Every structure is written in structure tokens, then in C-alpha cells.
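Taking it in order: structure first as C-alpha cells, then the write-up.
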There are 2 protein chains.
Amino acid sequence: MRQKRITLKDIARETGVHVSTVSRALDPVERKSITEEVASRIQAAADALGYRPNRIAAGLRTNRTMTVGVMIPDITNVIFPPILRGIESVLEPLGYASIIVNTDSERDRESRLVDVLRDRGVDGIIHAAVLRSDPTIARAASEGLPVVTLNRMVENSQIPYIINDEDAGICEMLGHLRDLGHRDIAHVAGPQDLSTGQLRLAAFRNAAKRLSVEFRPELVVTARRFDEKDGARCVQDLLASGRKFTAILCANDRLALGAIDELRERGIDCPRQVSVTGFNDMPFLELIRPRLTTVRIQSHVAGCTAATVLLQLMNGESAENVPMETILPVEIIVRESTAQAAH
Amino acid sequence: MRQKRITLKDIARETGVHVSTVSRALDPVERKSITEEVASRIQAAADALGYRPNRIAAGLRTNRTMTVGVMIPDITNVIFPPILRGIESVLEPLGYASIIVNTDSERDRESRLVDVLRDRGVDGIIHAAVLRSDPTIARAASEGLPVVTLNRMVENSQIPYIINDEDAGICEMLGHLRDLGHRDIAHVAGPQDLSTGQLRLAAFRNAAKRLSVEFRPELVVTARRFDEKDGARCVQDLLASGRKFTAILCANDRLALGAIDELRERGIDCPRQVSVTGFNDMPFLELIRPRLTTVRIQSHVAGCTAATVLLQLMNGESAENVPMETILPVEIIVRESTAQAAH
DNA sequence: ATGTGTCACGCAATCGTTTGCGAAAATTCC
DNA sequence: GGAATTTTCGCAAACGATTGCGTGACACAT
């Protein structure tokens with residue numbers, strides 16, 4: 001039945017040395033402080049008995065659990081799994097495990113989950129679901145818990161963050177539309193309490209100025225959530241306003257998908273009558289018609305980078321050596337949802 | 001800076017009682033063995049100091065970590081996130097956290113991950129990535145670790161499993177095709193080393209007999225992986241064989257998507273010339289044209305159920321009280337990828 | 001032979017809880 | 001009011017690892 005676990009004590013008894021010697025012999029860095037002969041004898045005994053270290057006990061003593069917390073809004077949102085794989089790809093080989101939690105973008109749920117993670121003694125947190133101002137996580141970070149944020153950033157804090165080059169992406173996309181002859185370009189902006197939503201709106205405004213495209217506030221409509229339904233609603237509003245536009249630059253793919261759907265409902269063809277663009281290049285996009293022109297972000301790389309920065313923090317790297325800001329390059333992917341402007 | 005954590009000892013000193021008394025006062029079930037006045041005084045002190053229990057220390061002593069391991073092939077596969085949310089929805093409110101690992105369907109990686117989870121002292125494992133014969137997990141289970149498998153099952157073992165009613169799904173789908181007048185129905189089977197692949201092929205065979213549809217072995221082609229590429233390859237093989245068919249029943253959605261793509265490449269229209277069906281009803285399917293007729297499985301419910309069964313195991317429910325087999329009902333969703341057979 | 005230094009290992013405390021046991025205190029019973 | 005019983009709480013030993021410190025052994029130089 002439930003076999004008793006092998007402990008250091010068992011190995012010590014078996015080899016006739018003290019448990020502390022066993023501990024050192026099995027620790028790759030301490031091992032050199034032990035006679036090679038003894039060390040290998042201990043190693044052999046450990047292997048023979050099938051010893052597996054008890055991480056819980058070690059964690060209690062060292063105060064390191066080799067566990068990190070990963071907070072995301074919702075794992076069923078397809079842009080997150082690749083990020084998680086990226087994180088895992090750097091952390092897992094080093095012996096870290098991650099506890100993934102979904103905040104559902106709810107403030108109280110989020111702050112409760114931060115506590116859950118801290119209770120479990122995570123060595124650090126990668127937070128891909130922060131709000132623009134987020135006292136819970138800011139407090140945790142200021143109390144010394146290593147934290148990095150991903151995709152978003154919390155304002156006025158010393159928390160390192162990894163984001164995509166929203167500016168460049170939006171700017172290139174706007175340039176693409178302009179080159180296709182579009183002049184009346186609408187923007188379906190994302191929720192303004194999320195830094196992505198806010199950054200992309202600002203980027204849109206800046207890009208317009210830089211590209212000498214007229215910025216038309218009346219052609220900007222703001223979504224409350226990053227989903228298809230709200231994308232559709234925004235297009236409804238746009239249409240209801242009666243203003244003319246030949247292209248819609250959306251703050252993410254899901255809004256764009258909803259937008260295209262709503263246009264289709266109204267008998268407006270994308271891209272012949274109205275061009276639509278997205279952001280993120282989420283998986284499965286190539287399977288959906290019309291294939292969406294969008295900005296590709298490097299999700300996997302983002303995950304890797306976040307993990308790497310967190311590692312530096314956890315290894316006590318002095319603050320000035322760890323990059324506060326990492327901006328990942330993006331690229332625009334032109335597919336079928338954009339076309340020459342109709343005049 | 002890094003504030004020292006409040007421990008039971010701190011509260012004991014503050015309230016002038018022994019640490020064991022504090023422990024009892026803070027434990028909802030032991031609390032009644034303490035004078036109410038003392039208990040509430042302790043509670044108040046704990047709140048005032050902002051006490052947070054150290055789960056690591058508790059875990060060392062009790063040998064329960066309130067953590068479960070969840071093994072899946074690949075989180076970027078869209079059918080898994082909903083399952084995870086299901087699991088989380090029952091486990092998280094009870095104070096459990098889950099460590100999710102991706103096996104990538106690699107045997108050695110999988111067995112290494114089982115060890116990783118055991119080293120971390122998980123209280124149980126939900127395994128949604130087992131192979132048909134899987135000694136690693138079988139051994140873990142037989143050594144007393146609570147394990148349940150999801151979507152798949154390991155043969156010749158006492159491990160409880162939760163699966164979908166593959167039989168009913170395939171049968172209904174075949175009936176649907178037959179009712180549309182199809183007689184020459186191909187089957188793109190899944191990998192036969194996975195129980196889903198194997199079960200669905202068997203189901204196809206049985207359903208044919210039950211519905212008096214002729215079973216044609218030469219119209220069955222087996223995929224090596226559950227992905228679009230192999231779905232396309234299977235259709236290539238089918239086409240290359242020169243045999244006539246008017247419908248393809250695929251073992252899952254991704255195979256079906258690949259199949260439709262390949263047909264399109266060859267200038268064969270789905271559904272006008274060939275009907276294609278899937279299995280799983282994964283998210284985003286409604287956005288892809290032609291909208292796929294498929295079998296909807298209850299991913300969220302499956303996750304919930306797996307978690308519930310695992311809980312029973314972990315709570316030491318006697319084996320005969322926990323269901324060995326749970327078969328979840330499925331329903332077929334008729335969309336646009338199936339049509340009347342062309343003759 | 002003594003002193004100095006290094007090396008290899010043992011000793012014991014420690015991390016923060018939980019829990020069986022026993023003793024003191026409070027309560028009940030006759 | 002004393003015995004019997006129950007309640008309430010303290011004591012101390014775990015859980016399994018890590019690690020600072022100390023000590024004996026041995027080598028080497030003097």
C-alpha cells in the first residue's frame with residue numbers, strides 16, 4: 001500500500017553517516033565539500049532506495065518553494081496559453097512549478113488570489129491581468145515579493161513589465177490603411193481601465209499625427225470588454241451615428257471579429273466596403289473568413305521574457321540590473337480583411 | 001522592507017496563551033474545544049496582526065498540501081482550458097490550488113512530470129493525458145496517490161475515469177449522415193494509442209452495425225495526431241485510394257477542419273459534394289466557414305466531475321463509494337458542413 | 001614534537017504548524 | 001462538600017530538510 005517515503009534519515013542509516021552529510025552529498029553545490037568516495041556511496045544508496053527530496057520540508061527551512069504564481073484574466077482566452085507555455089519553457093527546466101489563477105478581471109477576486117498565492121509561499125508572481133492602478137499587487141511588490149507584469153503595466157510603481165510595441169503596431173497598421181487609400185478610419189478602442197486599451201488608443205492618436213491622418217474623435221468608440229459582442233455593439237454605435245468611414249482599426253482581434261460579424265449582419269461587406277483590422281493575431285485566425293489583417297505579437301517570447309526577468313528578481317539581482325521595461329517588437333500580418341478603399 | 005511574517009508564536013505572545021491554543025482557536029473545527037472568550041480574543045489578535053497561515057509548515061506536518069496536479073497534453077489546445085476552469089471552479093473554493101503541466105504527449109516527459117508532481121506533494125492528480133497503458137501513473141495510483149483520468153482511461157487499472165459518451169455521439173452523428181442519404185461514409189480515426197481515438201473507432205463500427213450502415217474498412221484511415229495537418233493527410237490518402245465517399249465522419253474537430261481544408265484545396269465543396277463532421281465542438285467553431293457539424297462535449301462539466309471524484313478519493317472515501325466510471329452525455333450540433341448526399 | 005592550517009563530517013537548532021497526551025481547572029453529580 | 005467527570009489549555013514531539021558552527025583527523029611546515 002502507501003509506501004513510506006524515503007527520507008534523508010533512511011539514507012543516513014543505510015550508509016552510516018549523518019543526515020546532514022547526506023543532505024550535502026545530494027546537493028550539487030555542496031557536494032564538493034564531501035569526500036568523493038562518501039558522496040558517491042550516498043548517491044548510490046539514494047538511487048537504490050529511490051529517494052525523492054521532500055520539497056515541502058526544504059521549502060519550510062529555506063523559505064523558497066520553487067513555485068511561481070501566474071495570474072491571467074481567463075485561460076479560455078486563446079492568447080494566454082501560448083504565454084503560459086513560454087513561461088513554463090524557461091521555469092520548468094529550472095525546477096519551478098507554476099500555479100495559474102484566473103482573475104476574470106474582477107478586482108476583489110484578483111486581490112484575493114494574490115493572497116492565496118502568497119499563502120502558498122510562491123517565490124514570485126507573473127501578473128498578466130493587472131489593472132492600471134492596482135494596490136494589492138503593488139503592496140505585495142513593495143513588501144519584497146518579486147513581481148513582473150505582462151501585457152499590461154501598473155502605473156507609478158517599480159514593477160518591471162513586459163509589453164508589446166503597441167505604438168509601432170498601431171502605427172504600421174494605420175499606415176497600411178492609409179496606403180490603401182483610407183481616410184475615414186474609425187477606431188474601436190479597448191476598455192480604458194486596461195493599459196492595453198489605453199495604450200492602443202493613445203498610439204492611434206499619435207500615429208494619426210505622425211502619419212498626417214486626420215484624427216477624428218467622433219470615429220472613436222470605446223468597448224467595455226475585449227470580446228466579440230462588444231465589438232459588434234461598437235460597430236452598431238458607429239453605424240447609428242451616421243458618420244462615414246471606410247475602415248475600422250480595432251484594439252484587438254476579438255473586437256474585430258465582432259465588428260466584421262456585425263457588418264455582415266447589416267449587409268456591409270468586409271473588405272470590399274469596409275476594411276477591418278485586429279491586434280494580437282490569435283490562433284485560429286487563418287481559419288476564419290475573411291482572414292483577418294492584424295498585428296502579430298510574440299506571445300511565447302513574452303512569456304519567456306517575463307519568466308527570465310522574474311528569475312533575475314528572485315535571484316536577488318540588484319534592481320538596477322533588471323530591466324524595468326521590455327518592449328517586444330510586433331509585425332503586421334496583412335490578410336484579406338483589408339482592401340483598397342472604396343470611393 | 002520585507003516584513004517578517006506573522007506566525008502563531010507572535011499571536012501566542014500577544015495574547016499570552018500557548019501556540020497550540022492559538023492553532024486550535026484558528027482552526028474552525030478545533031475551535032469549539034476552546035473557551036469562546038479566549039478564541040475570539042485570539043481571533044481578534046490574529047486579525048489585528050494580519051496573520052496568514054503558513055501552508056508550507058502546515059503541509060509538512062499534516063502531509064497535505066491542498067494542491068492537486070493537473071496533467072494535460074497541451075494547454076494551447078483549445079479544448080483544455082474550459083476543462084481547467086471546470087476543475088478550478090470546484091477545487092479553488094475549497095482552498096485547493098492546481099499545478100498544471102503539459103505532457104506534449106511525450107511518454108518520458110509525462111512520467112517525469114508525474115514525479116515532479118509527487119515531489120511537490122500534491123494530494124491528487126487529474127490526468128487528462130494518459131496513454132492507454134501507462135505504468136507511471138498506474139504505479140502512483142497503486143501506491144495510494146488519488147488519481148482520476150479525464151477524457152481517456154488507462155486499461156486494466158483501478159483508476160476512476162470520466163469520459164464523454166463517445167458511443168452515443170458517434171452513433172447519433174452517423175444516424176444524422178444516414179438520414180441525409182449518405183451511404184459511403186468515411187471515417188478519419190484518431191491515434192489508436194489514445195483511448196479517445198480507439199473508442200471512437202470502435203464506436204463507429206458499432207454504430208454502423210446498429211444503424212445497418214455498411215461498415216467499410218477501406219474507408220477508414222487513421223491519423224497519427226489529432227491535428228489539422230494530419231486530417232488533411234488522411235483525406236489525401238482517401239482521395240488517392242480512388243474510393244467513392246460522400247461524407248467523412250472525423251474523430252475530432254481539428255481533423256475535420258484539416259479535412260475540409262484539403263477538400264477545398266482539391267476543389268471539392270463541403271458540404272455540397274462531401275459532408276464532414278467533427279467531434280468536441282471546440283470554441284471558435286461558429287466563426288469558421290462552413291460552420292462545422294459536430295458533437296458537443298461538456299468540457300466544463302467534465303472538469304467539475306473529475307474534481308469532484310478526486311475530492312472523494314482524497315477524502316478517503318472507500319473505493320466502492322466512488323464511481324469508477326462516469327460517462328457524460330453529449331449532443332450533436334448540426335451546422336453547415338453536412339448536407340443531403342449528392343447522388 | 002609542536003603548531004598551524006585545512007578538510008570532512010557530525011551536532012543541533014531551526015523553519016511554522018499540528019496533535020496526542022496529560023494536568024489543572026471547572027463543572028457536575030450524589 | 002467531596003468525588004467523579006468534563007472542559008480547557010499547555011507541553012513537547014513530531015514533519016523532513018538545511019546550515020552555522022564546532023571538532024576530530026590528518027597533512028605539512030617548522
Side-chain angles (χ1 to χ4, degrees), chain A residues 2-43 45-46 49-67 95 118-123, chain B residues 2-43 45-46 49-67 95 118-123:
Chain A
R2 181 152 233 161
Q3 182 140 336
K4 204 173 71 57
R5 260 185 97 102
I6 304 294
T7 74
L8 289 188
K9 205 191 296 181
D10 297 318
I11 303 179
R13 189 174 350 94
E14 193 76 14
T15 54
V17 298
H18 192 266
V19 47
S20 66
T21 309
V22 179
S23 172
R24 282 187 256 260
L26 263 26
D27 178 348
V29 9
E30 285 282 317
R31 176 171 178 149
K32 60 177 151 316
S33 71
I34 299 283
T35 317
E36 177 50 29
E37 187 271 327
V38 178
S40 58
R41 193 155 48 86
I42 292 174
Q43 183 68 61
L49 293 175
Y51 170 73
R52 308 252 42 181
N54 183 330
R55 279 177 177 289
I56 304 295
L60 176 59
R61 173 63 218 239
T62 61
N63 213 23
R64 304 193 72 207
T65 53
M66 297 298 280
T67 307
R118 301 185 72 183
D119 287 354
R120 290 189 171 272
V122 294
D123 296 336
Chain B
R2 182 152 230 162
Q3 181 139 337
K4 205 174 69 61
R5 261 185 97 101
I6 304 294
T7 73
L8 289 186
K9 205 190 294 182
D10 297 320
I11 303 179
R13 188 174 350 94
E14 194 75 14
T15 53
V17 299
H18 192 267
V19 47
S20 67
T21 309
V22 179
S23 172
R24 284 190 254 260
L26 263 26
D27 177 348
V29 10
E30 284 282 314
R31 178 172 176 147
K32 59 178 152 316
S33 71
I34 298 283
T35 316
E36 176 50 29
E37 188 270 329
V38 178
S40 58
R41 193 154 49 86
I42 292 175
Q43 183 68 61
L49 293 175
Y51 171 73
R52 308 251 42 180
N54 183 330
R55 279 176 174 289
I56 304 295
L60 177 59
R61 171 65 219 237
T62 60
N63 212 24
R64 305 193 72 208
T65 53
M66 298 298 279
T67 308
R118 302 186 71 185
D119 288 354
R120 292 188 169 275
V122 295
D123 296 337

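Just so you know, these numbers come straight off a predicted model, no measurement behind them. Sequence lines set the chain letters: A, B, ... in the order given, protein chains first and strands last, and positions in each chain run from 1.
Remark: P of C/dC7 and CD of A/Glu37 are 19 Å apart, rounded to the nearest angstrom. Taking atom CG of residue B/Asp10 and atom C1' of nucleotide C/dT17, one finds them 13 Å apart after rounding to whole Å. For A/Arg31 and C/dA8, the CZ to P distance is 13 Å, given to the nearest whole Å. Per the geometry, CG belonging to A/Asp119 stands 14 Å off P belonging to C/dG16, to the nearest Å.
Judged purely by distance below 3.5 Å, without hydrogens or angles, the side chains of B/Thr67 and A/Arg120 pair a donor atom with an acceptor atom.
Atom CG of A/Leu60 is separated from atom CZ of B/Arg55 by 15.0 Å, given to the nearest 0.5 angstrom. Going from atom CD of B/Glu14 over to atom CD1 of B/Ile6 covers 9.0 Å, rounded to the nearest 0.5 Å.
A/Arg41 pairs by the salt bridge (Lys or Arg N to Asp or Glu O under 4.0 Å) definition with A/Glu37, not counting sequence neighbours. A search for side chain to side chain contact (heavy atoms under 4.5 Å, CB included) contacts involving A/Arg13 returns A/Asp10, not counting sequence neighbours.
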Checklist entry - Reading nucleotides 11-20 of chain D 5' to 3', which nucleotides get B (base under 4.0 Å from a protein heavy atom), which S (sugar-phosphate only), which -? => result BBBBBBBBBB
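Other residues, nucleotides and ligands contribute more than 12 heavy atoms inside 6.0 Å of the CG atom of B/Asp27.
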